[in-house]
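Structure record follows, encoded as structure tokens.
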Amino acid sequence: MAETHILTNNQSGMQPVQIHASEKKINTLESSFNRVHGRRKRIQQVLFMLFRTAAIINGMGLFMVVFFIAWNGWEAVTWEFLTQAPTDSMTKGGILPCIVGTLCLGIGAIFVALPIGIASAVYLNEYARPGKVLRVIRLGINNLAGVPSVVFGLFGLAFFVTWMGMGESILAGVLTLGALTLPVIIGSTEEALKAVPNTYREASLALGATKWQTIHQVVLPAALPGILTGAILGLSRAAGETAPIMFTAAVFFTPTLPTSPFSKIMALPYHIYVLATAGTNIEATRPLQYGTSLVLIALVLGMNLVAIVWRARLRKKIK
Amino acid sequence: MKTDISVRIVFFTVALASIAILFMIMVFLFMEGLPIFKRVTLFEFMFGKYWYPTSSPPDFGIFPLILASIAVTLVSAMISVPLGVMTAIYLAELAHKRVAEIIKPIVELLAALPSVVIGFFGMVVVAPFLQNAFGVSTGLNLFNAALMLSFMSVPTICSLSEDAIYSVPTALKEGSLALGATHWETLLRVILPASISGISMAIILGMSRAIGETMVVLMVAGGAAMIPTSLMDPVRPMPASIAAEMAEASFRGDHYHALFATGIVLFLFTLMFNIVADQIAHKYRQTGEASL
Amino acid sequence: MAGQASKKDQIKKEIMTEKIKIRARHLNFFYGHAQALYDISLDIKSSQVTALIGPSGCGKSTFLRCLNRMNDLIPISRVAGEITLDDVNINDPSVDVVMLRRRVGMVFQKPNPFPKTIFENVAYGLKVNGVSDRVFIESRVEESLKKAALWDEIKDRLHESALGLSGGQQQRLCIARALAVEPEIVLMDEPASALDPIATQKIEDLIGELKENYTIIIVTHSMQQAARVSDRTAFFYMGKLIEMDETETLFTRPRLKQTEDYITGRFG
């Protein structure tokens with residue numbers, strides 16, 4: 001306490017006019033302040049340490065998973081592994097069909113979701129006025145974002161596979177994943193549109209451009225990098241999903257690469273699941289499981305990292 | 001001018017796509033799910049204690065599955081809520097700007113980890129560990145699933161909570177500090193109360209993500225369709241049941257319909273979570289404006 | 001207040017208020033690489049109202065926020081030089097900033113009541129400082145609200161939200177909130193700038209009453225306000241202290257041309 005002596009109220013002649021409260025009252029208050037002060041500081045120290053620990057645990061979580069998979073999968077990932085089809089009832093060989101399948105599904109889903117997502121975001125951000133309609137649309141988007149992935153799978157099965165008669169196929173999987181990534185695309189596109197300064201719009205409108213011309217010629221080009229960032233995020237989301245393609249597109253095994261939109265395909269996430277839970281020999285294929293996981297993580301986190309870095313740069317530029 | 005109006009109409013129509021998809025999801029879930037209620041009553045389905053869809057005669061009671069979903073979600077919330085909110089507080093209030101700029105992308109990457117990889121991690125790392133450490137018969141159980149699910153919901157809880165904490169006006173913080181409150185007291189008594197609705201929204205959305213998550217519970221929950229009695233019991237939450245059994249269910253048989261009906265229940269659960277979150281967000285915005 | 005005081009009165013006043021409460025010596029302040037305050041040295045006397053005036057961006061608010069170390073919140077800021085409060089350097093590492101802020105209260109430019117009840121707002125400082133005696137808190141809340149001339153208006157709705165008060169009432173609530181923890185000094189950062197003339201009048205009256213018991217430092221962009229409420233005035237320009245004197249002297253017989261230009265320019 002000695003070092004904080006100046007902070008205790010020294011009454012002796014410091015305040016020449018002292019009429020509003022008795023000295024005694026102030027002394028009680030003062031001593032109570034001092035009594036609890038050490039404890040207050042300790043509580044703060046302990047809690048702040050706790051918060052810091054929580055953040056560290058979070059970071060550790062990611063590193064643990066990534067490190068563990070990378071450590072165990074490193075040796076399995078060879079050139080042959082990436083360029084060959086599985087052999088010997090999927091206990092040996094590579095994962096080329098899975099990589100191709102995942103890329104087909106992911107890119108296809110973006111092709112479906114991107115135009116719809118951009119148009120939705122343009123409507124929400126540029127045209128819509130606040131009101132009931134807007135609120136209902138937003139509620140719809142938020143709820144779509146919250147639909148469990150397995151329910152998307154059920155929907156794909158009932159609608160695309162059965163009702164539309166596409167059968168289990170790339171097309172059905174792409175459309176299902178497209179529906180799932182739509183909210184992601186809308187969200188990031190809206191953010192990109194919001195980042196376009198209003199002065200751009202005003203300048204264009206003041207030159208006599210119509211609203212559509214303004215959006216088309218000025219707003220969208222300015223927002224394009226942000227929109228593409230969102231597209232990458234959506235692509236990585238679609239590539240990592242398993243449940244939606246289980247019933248709509250993916251199969252345990254197919255020796256050939258896809259030839260048409262109606263082919264059934266293999267995909268990385270589903271391959272991991274199959275090998276880890278239902279393979280012919282779960283223990284023997286562990287290296288394949290680690291290797292496939294490593295490839296999937298590298299693909300997904302790599303895309304995310306690109307998007308995050310790109311977005312950080314964009315934000316800096318705008319500032 | 002004319003093109004402008006037609007462009008507007010086109011955009012509006014496309015913007016309805018999300019609602020249309022949501023609507024279609026409901027329609028097709030109900031179309032394929034409702035026929036089960038010709039076999040069993042709604043009450044039997046929801047509160048039946050036995051899920052033996054393939055025995056004869058089959059039992060279609062999803063009560064154990066519902067309970068498993070709720071249990072897994074609640075236990076995971078017990079882990080993810082403190083972790084997520086505390087990390088959010090750290091990021092918004094304590095961390096240096098440089099440190100925060102490193103940790104935030106890490107949290108985002110955590111959110112991007114494919115669920116199947118987290119499930120795989122739970123199977124090959126956490127399960128053996130639990131089995132050895134607690135001497136239980138299987139490491140694939142409720143607790144493992146909850147732990148892995150918190151991986152999935154922490155990023156949601158953390159980033160949304162951080163936004164909420166960050167948006168509390170600096171004036172309030174300064175007002176409290178100027179009165180001789182410590183930083184922690186300011187947090188506890190001013191900043192957190194002012195951001196509580198945003199944080200609750202974050203928690204609800206995080207739990208919604210956990211309850212709907214499929215691959216993790218499919219791979220690590222253990223898969224026993226029983227009412228759990230302890231943390232180390234294997235369970236079979238709704239999404240796991242759907243994903244595991246759909247392949248073997250005969251097309252448009254009773255089992256198939258029952259799985260779709262389970263999907264309806266799951267869908268309604270998450271819909272409820274999301275609508276509550278939306279209500280909170282809406283209310284929050286209104287009071288936010290009124291107080292300015 | 002602007003009336004001619006006799007020489008005798010002036011001497012008497014000086015004897016009464018000679019105690020120097022705050023002393024700043026060669027104070028420099030930086031935001032990152034930008035310097036905001038240059039070599040400020042001044043004394044603030046006990047139980048007086050000191051006004052800080054100057055054009056916006058002149059550093060007067062920055063200086064004020066140095067006095068309760070509110071600038072600590074800005075990570076890239078740096079202070080050089082010395083500020084002493086009752087002869088102890090407030091930037092010394094051994095000084096606890098929480099206790100400092102308890103002694104040096106602050107009222108902000110925009111009223112910032114917490115989204116709590118009126119009662120809770122005033123009781124806040126006491127509670128965080130460890131006072132748990134309910135009766136004592138109640139009496140102190142009442143006393144503080146009376147001092148802030150707000151009690152009569154709101155005594156029947158103590159437990160309603162503070163956000164329901166008018167801007168002027170909110171600001172007086174913030175003053176009551178600051179007074180409740182018995183500070184010795186009250187810093188006011190343009191406390192009336194967001195208020196209408198009637199509410200401003202009330203705040204100014206209040207400052208006049210409070211100065212008997214507290215050392216008050218007020219930042220204001222209104223020279224009329226400074227002239228009305230303060231005993232001494234400091235004129236800041238471009239981060240430098242240009243001139244400081246008795247308010248009456250500064251406004252009628254400024255020593256420096258720069259001060260005179262500013263004052264006459266404004267007074268038109």
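Chain letters run A, B, ... following the sequence lines, proteins first, then strands; residues in each count from 1. Predicted model, so just to flag it, every value in this text is computed and none were measured. Both backbone and side-chain heavy atoms feed into the values below; hydrogens, waters and symmetry mates do not.
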For this session: Run the numbers on Thr62(C) and Tyr31(C) for side chain to side chain contact (heavy atoms under 4.5 Å, CB included), then give the verdict.
Result: CA-CA 10 Å; Thr62(C) 305; Tyr31(C) 290 110; 3.4 Å; yes
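Phe63(C) and Phe236(C) have tilted rings, their planes meeting at an angle from 30° to 60° on a 0 to 90° scale. Ring planes of Phe143(B) and Phe134(B): perpendicular class, angle over 60° (limits at 30 and 60°).
Of the atoms belonging to Thr170(B), not a single heavy atom falls under 4.5 Å from chain C. With a threshold of 4.5 angstrom between heavy atoms, Pro111(C) does not approach chain B through any atom at all. Only the side chain of Lys116(C) comes within less than 4.5 Å of a heavy atom in chain B; its backbone stays farther off. For a residue to count as touching a neighbouring chain, one of its non-hydrogen atoms must lie under 4.5 Å from one of that chain's; by this rule Arg177(C) touches chain B with backbone and side chain alike. Only the backbone of Val104(C) comes within contact range of chain B, judged by heavy atoms closer than 4.5 Å. With a 4.5 angstrom heavy-atom cutoff, Phe108(C) touches chain B only via side-chain atoms.
Between chain B and the residues Asn68(C), Leu187(C), Leu73(C), Asn112(C), the most heavy-atom pairs under 4.5 angstrom are made by Asn112(C).
A cation-pi arrangement is not found for Arg209(B) relative to Phe273(B), the charged atom failing to lie both closer than 6.0 Å to the ring centre and inside a 45° cone about the ring normal.
For the residue pair Ser61(C) / Asp189(C), a side-chain donor-acceptor distance below 3.5 Å is found, with atom types taken as modelled. Judged by distance alone, the side chains of Glu190(C) and Thr220(C) never bring a donor and an acceptor atom under 3.5 Å apart.
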